[in-house]
Amino acid sequence: MLTGKKVLLGVTGGIAAFKAASLCSKLVQQGAEVRVIMTESATRFVTELTLQALSKHPVYTDTFDEKNPQVIAHIDLADWADLVLIAPATANIIAKMAVGLGDDMLSTTLLATEAKIMLAPAMNVHMYTHPTVTRNLAELAARGVLMIEPGSGQLACGYTGKGRMEEPENIVAAVEAYFARRERAAQRPLTSRKVVVTAGGTIERLDPVRYITNDSSGKMGFAIAKAALDLGAEVTLVMGRTDAAPPIYREGLSLVRVESAQDMYEAVQGLWADTDILVKAAAVADYRPKQAAERKIKKSGDSMTLELVKNIDILEALGRNKTKQFLIGFAAETDHLEEHAMDKLRRKNCDLLVANDVTAEGAGFGTDTNIVHVYDANGLVLSIPRAPKEEIGLAILELVAARLTGESK
Ligand code: PMT
């Protein structure tokens, strides 16, 4: 599975460093070329000689110990890697990465690399839940660093809880999945497909200066649009009110700006006959003020009653008129995720429904990451733990591509 893949393994100083030997061995057995960088403290837990013997290459620990005068080691390794895997990743290396410190061989290499970085954190449960560590992990996830979440159980420090590094075979599986995903994306499986993505919140006017809206930043929809472009599709992004910057223009991308749910419906309806895939990531207002005043409403009296009327449910309306289209709805939920998701999937005739618990940390409105569960008519098909919205967008569209090409997934 990993033949020819260049994996730079960073080992940092925690008790889980002993598992790095087994991890290195398993990566090599799967055909990967592995180079190892150890921090000074990692060498207290496992020897350089062990990892040198397993990787069959010298191990790097000291930035100034240049083994080849032709190159500068940390730049050379940074450029060489297809993937940088840090396992175990201590709270210290996570903090250094978050702030951009480069004070040893590993941290300088991490600053210099353009390769994807994957972390397998390992630490005491209280360290893992410390607000600074949580913030740093969120910052890294937002930058696209992939996480292999630690497991729960008995920790070496005597505590029980979350913080145990994932087992080496599962880390190897995550590495294989990453490369498999990259290869599938390189085949551009959505080439010639027309994808419409809705993003952001709608605006329902009360008067010329006031409106009802919601917290959608547009990030989820933008990530999906970008993923669709990466997979070769022609994309129309229908965007309401957003806080984030939309994807920068590239060939194959059209932007349509709308304001209200009605505007969004008209835009999507106009594209519908020519749409192959519609992803409704936008947060659409269910109701609008019965009357939008033409002039600014003047203050009068101690209270004011606002009468709202129902908006069209765009997804439901289009679901009733499906011909060839593959329809993906979203569900922003605060409770009974699966029950509500399955109800929306059936009621709105979606092919897939992506549910997110918008009360979970790192998920939902405004965040750079999300946590999603994807359902089809038979139930749950894919669960994605906290990951950058861009990764989630890619995973969802790969699932769609597999469904459209008849690959079972
Ligand atoms: O934009 P971000 O800040 O990145 O946040 C992402 C998100 C939380 C907005 C996104 O992940 C999400 O959950 N989008 C759907 C939000 C929503 O409106 O959920 P809902 O459960 O109310 O609606 C279900 C589905 O019906 C959605 O696909 C929605 O677009 C659609 N709908 C809803 C009402 C309506 N009148 N017309 C619709 O088409």
Side-chain angles (χ1 to χ4, degrees), residues 9-24 26 37-46 51 84-101 103-104 106-107 110 117-175 177-178 334-335 337 356-364 367-373 383-389 391-392:
L9 175 62
V11 184
T12 64
I15 183 64
F18 83 92
K19 291 190 194 171
S22 157
L23 174 61
C24 179
K26 287 184 192 319
I37 302 179
M38 297 175 74
T39 61
E40 193 63 43
S41 40
T43 63
R44 308 277 184 106
F45 293 94
V46 59
L51 285 152
V84 183
L85 170 66
I86 317 282
T90 57
N92 189 47
I93 192 71
I94 290 166
K96 284 191 195 179
M97 288 173 72
V99 294
L101 274 186
D103 64 351
D104 64 5
L106 182 58
S107 51
L110 284 166
I117 300 172
M118 191 181 270
L119 298 183
M123 63 197 78
N124 161 272
V125 57
H126 295 154
M127 291 169 80
Y128 188 67
T129 53
H130 191 282
T132 321
V133 175
T134 308
R135 189 197 60 205
N136 289 339
L137 284 170
E139 162 69 27
L140 295 179
R143 277 192 231 151
V145 172
L146 301 174
M147 303 289 169
I148 302 172
E149 289 215 18
S152 292
Q154 181 77 36
L155 305 176
C157 54
Y159 277 93
T160 302
K162 200 167 180 178
R164 197 167 61 182
M165 187 175 91
E166 188 50 271
E167 293 306 322
E169 53 271 29
N170 294 336
I171 298 179
V172 173
V175 170
Y178 163 73
T334 54
D335 58 90
L337 196 77
N356 39 194
D357 175 352
V358 293
T359 62
E361 199 181 326
T367 51
D368 291 305
T369 54
N370 208 352
I371 302 166
V372 302
H373 302 279
S383 278
I384 310 177
R386 183 170 168 170
K389 282 182 173 166
E391 291 292 329
I392 289 181

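With contacts defined as side-chain heavy-atom distances shorter than 4.5 Å, the pair Met165/Ile15 does not qualify. Between Ile117 and Met97 there is a side-chain heavy-atom pair separated by less than 4.5 Å. Side-chain contact between Leu146 and Glu391 is present, with heavy atoms from C-beta onward closer than 4.5 Å. Side-chain contact check for Ile37 versus Leu9: every heavy-atom pair is 4.5 Å or farther apart. Counting heavy atoms from C-beta outward, Met118 and Ile86 have side chains that stay 4.5 Å or more apart.
Going from atom OG1 of Thr134 over to atom CD of Glu361 covers 6.0 Å, rounded to the nearest 0.5 Å. The line from CG of Asp104 to CD of Glu40 is 9.0 Å long, rounded to the nearest 0.5 Å. Atom CD of Glu169 sits about 10.0 Å away from atom CG of Leu23, to the nearest 0.5 Å. The distance from atom CG of Leu101 to atom CD1 of Ile93, rounded to the nearest 0.5 Å, is 9.0 Å. Here the CZ atom belonging to Arg386 is positioned 8.0 Å from the OG1 atom belonging to Thr367, to the nearest 0.5 angstrom. For the atom pair CD1 (Ile94) and OG1 (Thr132), the distance works out to 12.0 Å, reported to the nearest 0.5 Å.
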Original post:
What's the verdict on side-chain contact (heavy atoms from CB on, under 4.5 Å) for Lys162 and Thr129, showing C-alpha distance, side-chain angles and the deciding distance?
Top reply: CA-CA 9 Å; Lys162 200 167 180 178; Thr129 53; 6.0 Å; no
**OP:** Give the C-alpha distance, both sets of side-chain angles, the deciding distance and a yes or no for side-chain contact (heavy atoms from CB on, under 4.5 Å) between Tyr128 and Glu149.
**Re:** CA-CA 10 Å; Tyr128 188 67; Glu149 289 215 18; 4.1 Å; yes
Subject >> Stepwise side-chain contact (heavy atoms from CB on, under 4.5 Å) test for Thr334 and Val358 >> reply: CA-CA 6 Å; Thr334 54; Val358 293; 3.9 Å; yes
**OP:** Could you give me the CA-CA distance, side-chain angles and deciding distance for Val11 and Leu51, then say whether side-chain contact (heavy atoms from CB on, under 4.5 Å) is met?
**Re:** CA-CA 10 Å; Val11 184; Leu51 285 152; 4.3 Å; yes
**OP:** Might you work through the salt bridge (charged side-chain N to carboxylate O under 4.0 Å, His left out) test for Asp368 and Lys389, ending with a clear yes or no?
**Re:** CA-CA 6 Å; Asp368 291 305; Lys389 282 182 173 166; over 6 Å; no
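The heavy-atom pair separating Arg164 from Leu155 by the smallest distance is N-CD2, 3.4 Å. Nearest heavy-atom pair across His126 and Tyr159 is CE1-CE2, 3.3 Å. The heavy-atom pair separating Gly13 from Phe45 by the smallest distance is C-CE1, 3.5 Å. The minimum heavy-atom distance between Ala17 and Val46, with the atom names listed, is O-CG1, 3.8 Å. The two residues Leu85 and Val175 have their closest heavy-atom pair at CD2-CG2, 4.0 Å. Minimum interatomic distance between Thr369 and Ala141 (heavy atoms only, all atoms of both residues): CG2-CB, 3.5 Å.
Distance alone, capped at 3.5 Å, is enough to place a donor-acceptor pair between the Asn370 side chain and the Gly364 backbone. Judged purely by atom type and a 3.5 angstrom limit, Thr12 uses its side chain to pair as donor or acceptor with the backbone of Thr90.
The environment of CZ in Arg143 is crowded: more than 12 heavy-atom neighbours from other residues, nucleotides or ligands sit within 6.0 Å.
Side-chain contact, Asp357 with Thr359: a donor N or O sits under 3.5 Å from an acceptor N or O.
In summary, Glu167 and Lys19 engage in a salt bridge, as defined by a charged side-chain N under 4.0 Å from a carboxylate O.
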